[in-house]
Amino acid sequence: EAADRFLMRIRLGYPDAASERDILLRQDARYGQTTPCVLAADELMTLQNAVTDVAVEESLVDYMLAIVERTRAHEHLALGVSPRGSQALFRASQAYAALDGRGYVVPDDIKAVATPVLAHRVRLASQADGYVPSREEAEGVLRDVVAQLRGQAAEGGDDRVELRALAGRLWTGRHGDAEPDPQDRLF
């Protein structure tokens, strides 16, 4: 079974010496104290709603599904991405677009999140024999899958041309015939 407990597996690494020193000097003598709230519940709900409001063109859903399907048939994978994994890829792509201030997903959003969202959800074929591969091996397979499907993003056309058309359709669908303001951003 593949791990499906977390949306993403990312590397934070270690802090540099100065940052770690600051962590040590700022720690409270009362270990285990509650961390102060940095976001109110209503602010969190607003951010969550902003993510789910990010539009995803059907051709990009097909692109996500092509990535997922490729993992299920990949020669180096004994277990591909599950439907929960495809849902995670969809939502993470929306979140990535929202963090970039857009109300729509572009192919680069999907490419950026595919490996951290999907690599821990697959099982390499070598794992079946008791070999424990490194996390880099699974990540490498996912990067290869995304690279192989690069031409399929945005219906195989030039991403810039397709994205201009997509942005226009999304704007018109939400705002009628009004011209988009270049400064209009999600956040």
Side-chain angles (χ1 to χ4, degrees), residues 1-54 56 60 63-64 67-68 71 76-77 81-82 84-124 126-127 131-150 153 159-160 163 167 181-187:
E1 74 192 61
D4 195 14
R5 295 182 301 242
F6 307 102
L7 178 65
M8 298 177 132
R9 180 175 68 187
I10 57 173
R11 291 190 180 118
L12 297 177
Y14 296 110
D16 60 43
S19 297
E20 191 164 6
R21 182 178 192 280
D22 187 46
I23 291 168
L24 293 172
L25 292 175
R26 286 187 307 143
Q27 70 182 343
D28 193 327
R30 297 165 289 184
Y31 185 77
Q33 286 288 354
T34 303
T35 303
C37 181
V38 294
L39 197 62
D42 61 324
E43 293 172 315
L44 177 61
M45 292 300 295
T46 298
L47 291 173
Q48 288 175 336
N49 290 334
V51 168
T52 59
D53 287 345
V54 171
V56 183
L60 295 179
Y63 176 53
M64 289 181 218
I67 291 170
V68 168
T71 68
H76 297 299
L77 296 176
V81 174
S82 72
R84 284 182 54 152
S86 60
Q87 289 174 319
L89 180 59
F90 185 93
R91 186 67 74 221
S93 298
Q94 287 178 300
Y96 197 86
L99 288 172
D100 198 37
R102 284 179 281 104
Y104 56 92
V105 171
V106 297
D108 285 342
D109 299 328
I110 299 165
K111 294 171 194 173
V113 300
T115 298
V117 170
L118 302 177
H120 69 286
R121 298 170 186 274
V122 299
R123 177 182 288 176
L124 292 169
S126 56
Q127 281 180 285
Y131 168 72
V132 179
S134 68
R135 93 181 344 172
E136 287 82 12
E137 290 176 82
E139 291 170 355
V141 170
L142 262 295
R143 281 191 300 274
D144 289 346
V145 165
V146 171
Q148 291 168 4
L149 295 170
R150 185 168 305 252
D159 285 355
R160 289 167 298 177
L163 291 177
D181 180 350
Q183 300 301 315
D184 185 36
R185 303 206 25 110
L186 191 58
F187 297 112

Give me the atom names and distance for the closest heavy-atom approach of [X] to [Y].
| X | Y | answer |
| --- | --- | --- |
| Tyr104 | Ala97 | O-CB, 3.3 Å |
| Ala114 | Val146 | CB-CG2, 3.7 Å |
| Leu7 | Ala88 | CD1-CB, 3.5 Å |

Please test Phe90 against Met64 for side chain to side chain contact (heavy atoms under 4.5 Å, CB included), starting from the C-alpha separation and ending with a verdict. CA-CA 7 Å; Phe90 185 93; Met64 289 181 218; 4.0 Å; yes

Quick one: does any side-chain atom of Glu139 pair with a main-chain N or O of Ala119 as donor and acceptor, under 3.5 Å?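 The answer is no, because no donor-acceptor pair under 3.5 Å joins these two groups.
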
Mark yes or no for whether Asp16, through its side chain, and Ala18, through its backbone, hold a donor-acceptor pair below 3.5 Å.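 Checking the backbone N and O of Ala18 against the side chain of Asp16, a donor-acceptor pair under 3.5 Å is found.
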
Rounded to the nearest 0.5 Å, what separation is found between the [atom1] atom of [X] and the [atom2] atom of [Y]?
| X | Y | atom1 | atom2 | result |
| --- | --- | --- | --- | --- |
| Leu25 | Glu20 | CG | CD | 11.0 Å |
| Leu47 | Leu39 | CG | CG | 6.0 Å |
| Ser93 | Ile110 | OG | CD1 | 4.5 Å |
| Gln48 | Asp53 | CD | CG | 12.0 Å |
| His76 | Leu142 | NE2 | CG | 13.0 Å |
| Ile67 | Lys111 | CD1 | NZ | 9.0 Å |

Name all residues meeting the side chain to side chain donor-acceptor pair (under 3.5 Å) criterion together with Asn49; count only those two or more places apart in sequence or in a different chain, and write none if there are none.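 With sequence neighbours excluded, Asn49 shows a side chain to side chain donor-acceptor pair (under 3.5 Å) to no residue whatsoever.
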
Just do the side chain to side chain contact (heavy atoms under 4.5 Å, CB included) check on Thr52 and Arg91 with the steps written out, would you? CA-CA 7 Å; Thr52 59; Arg91 186 67 74 221; 3.6 Å; yes

Testing the 3.5 Å rule here: is there a donor-acceptor pair between the side chains of Gln87 and Arg84? no

Run through Val122, Val145, Leu89 and flag the one making a side chain to side chain contact (heavy atoms under 4.5 Å, CB included) with Val81. Val122

As a quick check of understanding, evaluate side chain to side chain contact (heavy atoms under 4.5 Å, CB included) for Asp144 and Val141, giving each step before the final call. CA-CA 5 Å; Asp144 289 346; Val141 170; 5.6 Å; no

Check whether more than 12 heavy atoms from other residues, nucleotides or ligands sit under 6.0 Å from atom CE of Met45, and answer yes or no.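 Result for CE/Met45: open.
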
